[in-house]
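I am attaching a structure below and will ask some questions about it afterwards.
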Amino acid sequence: MMDSLRWNSWRPLTLSCPIPASTLPEQLDGGQAFRWRLSDNHEWLGVIGRAVVRLRFRETQLEWCSSDSSSAFAKRMGDYFDESGIQVQLIDQLPWRSDVVLSQAIRSYPGLRILRQDPHETLVGFLCSSNKRIQQIRMMVSSLAQNLGEPIAEDYYALPSWSAIASASATQLKSCALGYRAKFLQGTAHKLKDRPDWEKEFSSLPTPQLLETLQTLPGVGPKVAACVALFGFGRWESFPVDTWIVQVLTQAYRLQGYSAKQLEKFGQAHFGAAAGIAQQYLFASARSGQLGVRLGKNEKL
DNA sequence: TGCCAGGGGAAAG
DNA sequence: CTTTCCCATGGC
C-alpha cells in the first residue's frame, strides 16, 4: 500500500487572465483533458505528470494544492494554466469583431484556454477518443492508468509508459474497455517504446511536419493529430475538425458540402495563428447547444 | 472516392 | 427492453 497523500498547503492560482467558476467545468472536463474529475466536496481532482492536484474556489479566488510541493511543479502549474495570459493576446487577434458566431462563443466562456498538457498524455487520451463521449474517454484513460500505470499515491496512478502499454496482456487491455482502440494504443506503443526522446524530436518539427509525423502512428488520423499538436505540443494554429466543429461550420458558417480537409483549411485561413483556440470556444458553445447546432446523424461532408 | 466494421456503454426510442 | 449513437481511423 502507498503512504497516504501529503498535500502541500493551499495557495492562490494567480492567473493573468482568471478562470471564473462558470468556466472551470468546461476548462477541466470539456474534452481537451481527460484527467480531471469533480469530487463530492466540489473540488476538482486531477493528475499532472506524477502529481495529484486539487483545485477549489474560495469566494472568487481559484486555489490549488498538490502532492508535489516543489517549486518546479509550481512552475509547471503556471505553464499548464497559461498564467502569463499569452493566449489572451492571441484571442484578441481572432476575427471576433466581424464574426458574431465566434464572439458569442468567446463571451460564453470567459477565461477558457488551451491547457498545456504533456504530449504523452494527449496522445494516450485522443487515441481513445474515436466514437466516444468525453465521460467514456476519461474512464478509459483512468482504467489504463489504474491497470498499467505506476502508483503515485493512494488510488492515483500515473499514465502508463508506451513500454508498459506495449507489453500489456490482452486481458489487461480488455479490462480497460478500449474496444477496437486497444490495437491503436498497442500499435503506437510499439512504435514509440524504444524512442524515449520522441516528444523532443516531435517538438522540433514545424507544425505541418509534426501533423504528418503524428499520422504515421496507428490510430492517428488528421483529427487526432490536430488535437495532439494543439493540446500536447502547444500548436495553437492547429485546427481539429471533429463532429461538433463540422456542425458549427456547416450550419452556423453555412459551409455545406465541404470536406473535412477543406473545413480545416477554412479554419486555419479564417482564424489564423489562434485557430485552435477559436476551435475550443466554438466546440464548447456547440456542445452546450448555444449555437443552435445539433449532432444529428453523421452528416456526410 | 465512398462505405463500413469495430468495444462497449450511455442515451434515446 | 431494444436501438442508436459516440470529439475517427483503417482497410477495402
Side-chain angles (χ1 to χ4, degrees), chain A residues 25-37 105 109 112 114-115 117 121-144 147 168-191 211-232 238-252 257-264 267 275-291 293-301:
Chain A
E26 184 65 27
Q27 180 66 73
L28 297 176
D29 195 28
Q32 55 171 309
F34 305 104
R35 292 289 268 164
W36 293 93
R37 67 179 179 86
Y109 294 94
L112 183 67
I114 305 298
L115 299 172
Q117 302 174 71
E121 175 181 349
T122 56
L123 188 46
V124 169
F126 285 95
L127 278 171
C128 297
S129 71
S130 74
N131 261 318
K132 281 295 180 185
R133 289 181 175 80
I134 291 167
Q135 184 183 353
Q136 296 173 285
I137 300 167
R138 194 177 56 225
M139 285 176 57
M140 285 187 281
V141 173
S142 173
S143 296
L144 277 168
N147 287 306
S169 68
T171 310
Q172 283 177 305
L173 283 175
K174 184 84 173 176
S175 63
C176 296
L178 300 165
Y180 64 85
R181 299 158 202 80
K183 65 179 184 295
F184 293 166
L185 274 156
Q186 281 213 302
T188 289
H190 276 290
K191 294 194 81 166
L211 293 171
E212 193 179 334
T213 305
L214 283 168
Q215 287 178 72
T216 65
L217 300 169
V220 181
K223 193 272 178 181
V224 170
C227 284
V228 173
L230 175 61
F231 302 127
S238 177
F239 189 79
V241 176
D242 62 39
T243 171
W244 286 103
I245 293 299
V246 169
Q247 298 307 317
V248 172
L249 295 183
T250 57
Q251 294 176 40
Y258 281 55
S259 70
K261 183 56 68 181
Q262 288 173 315
L263 293 176
E264 185 181 9
I277 304 177
Q279 176 271 164
Q280 201 57 33
Y281 280 97
L282 293 174
F283 177 81
S285 291
R287 215 164 56 89
S288 69
Q290 291 179 46
L291 296 181
V293 299
R294 296 178 183 214
L295 222 40
K297 54 230 165 286
N298 266 349
E299 197 115 354
K300 299 290 171 282
L301 300 181

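Just the heavy atoms: all of them, side chains too, but no hydrogens, waters or symmetry mates, feed the values below.
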- Message: Once ring pair (Phe, Tyr, Trp, His ring centres under 6.0 Å) is applied, do any residues pair with A/Phe239, and if so which ones, sequence neighbours excluded?
- Response: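 A/Phe239 satisfies ring pair (Phe, Tyr, Trp, His ring centres under 6.0 Å) with A/Phe271 once adjacent residues are dropped.
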- Task: List in chain and number order the residues that pass side-chain contact (heavy atoms from CB on, under 4.5 Å) with A/Ala225, two or more places apart in sequence or in another chain; answer none if no residue qualifies.
- Result: A/Leu211, A/Leu214, A/Gln215, A/Val220
- Item | Whole-Å distance separating the CG atom of A/Leu185 from the C1' atom of C/dT9 |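 It is 13 Å, rounded to the nearest whole Å.
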- Message: Between C/dT4 and B/dA5, how far apart are the two P atoms, rounded to whole Å?
- Response: 13 Å
- With A/Arg133, which residues qualify under side-chain contact (heavy atoms from CB on, under 4.5 Å), at least two apart? A/Gln136
Can you tabulate the close N/O pairs, meaning under 3.5 Å, that link protein atoms to atoms of nucleotides 10-12 of chain C?
residue	atom	partner	partner atom	Å
C/dG10	OP1	A/Gly219	N	2.9

- Could you list the residues that satisfy ring pair (Phe, Tyr, Trp, His ring centres under 6.0 Å) with A/Phe184, not counting sequence neighbours? A/Tyr180
- Task: Specify the residues of residues 223-232 of chain A, ordered by number, for which at least one heavy atom lies under 4.0 angstrom from an atom of DNA chain C.
- Result: A/Lys223, A/Val224
- Specify the separation, in whole Å, of atom CG of A/Leu123 and atom C1' of C/dT9.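 It works out to 14 Å between those atoms.
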- Task: Looking at every strand, decide which applies to A/Gly187 at a 4.0 Å heavy-atom threshold: base, sugar-phosphate, or nothing.
- Result: nothing
- Message: Applying side chain to side chain donor-acceptor pair (under 3.5 Å), can you list everything that pairs with A/Arg35, at least two apart in sequence or on another chain?
- Response: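 Per chain and number, A/Arg35 pairs via side chain to side chain donor-acceptor pair (under 3.5 Å) with no residue.
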- Item | Rounded interatomic separation in angstrom, taking CH2 from A/Trp244 and P from C/dC5 |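 Computing the A/Trp244:CH2 to C/dC5:P distance gives 14 Å.
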- Query: With sequence neighbours left out, what residues match A/Asp242 under salt bridge (Lys or Arg N to Asp or Glu O under 4.0 Å)?
  - Reply: none
- With A/Glu264, which residues qualify under side-chain contact (heavy atoms from CB on, under 4.5 Å), at least two apart? A/Val241, A/Lys261, A/Gln268
- In B/S/- notation (B base, S sugar-phosphate only, - none; protein heavy atoms under 4.0 Å), nucleotides 7-13 of chain B written 5' to 3' is BBB----
- Secondary structure of DNA chain C per the Watson-Crick/G-U criterion (both distances under 3.5 Å; [ ] crossing, | other strand, . unpaired) is ||||||..||||
- Task: Could I get the full list of side-chain contact (heavy atoms from CB on, under 4.5 Å) partners for A/Thr188, not counting sequence neighbours?
- Result: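 Partners of A/Thr188 by the side-chain contact (heavy atoms from CB on, under 4.5 Å) criterion, ordered by chain and then number, come out as A/Leu123, A/Leu127, A/Trp162, A/Leu192, A/Leu217, A/Pro218.
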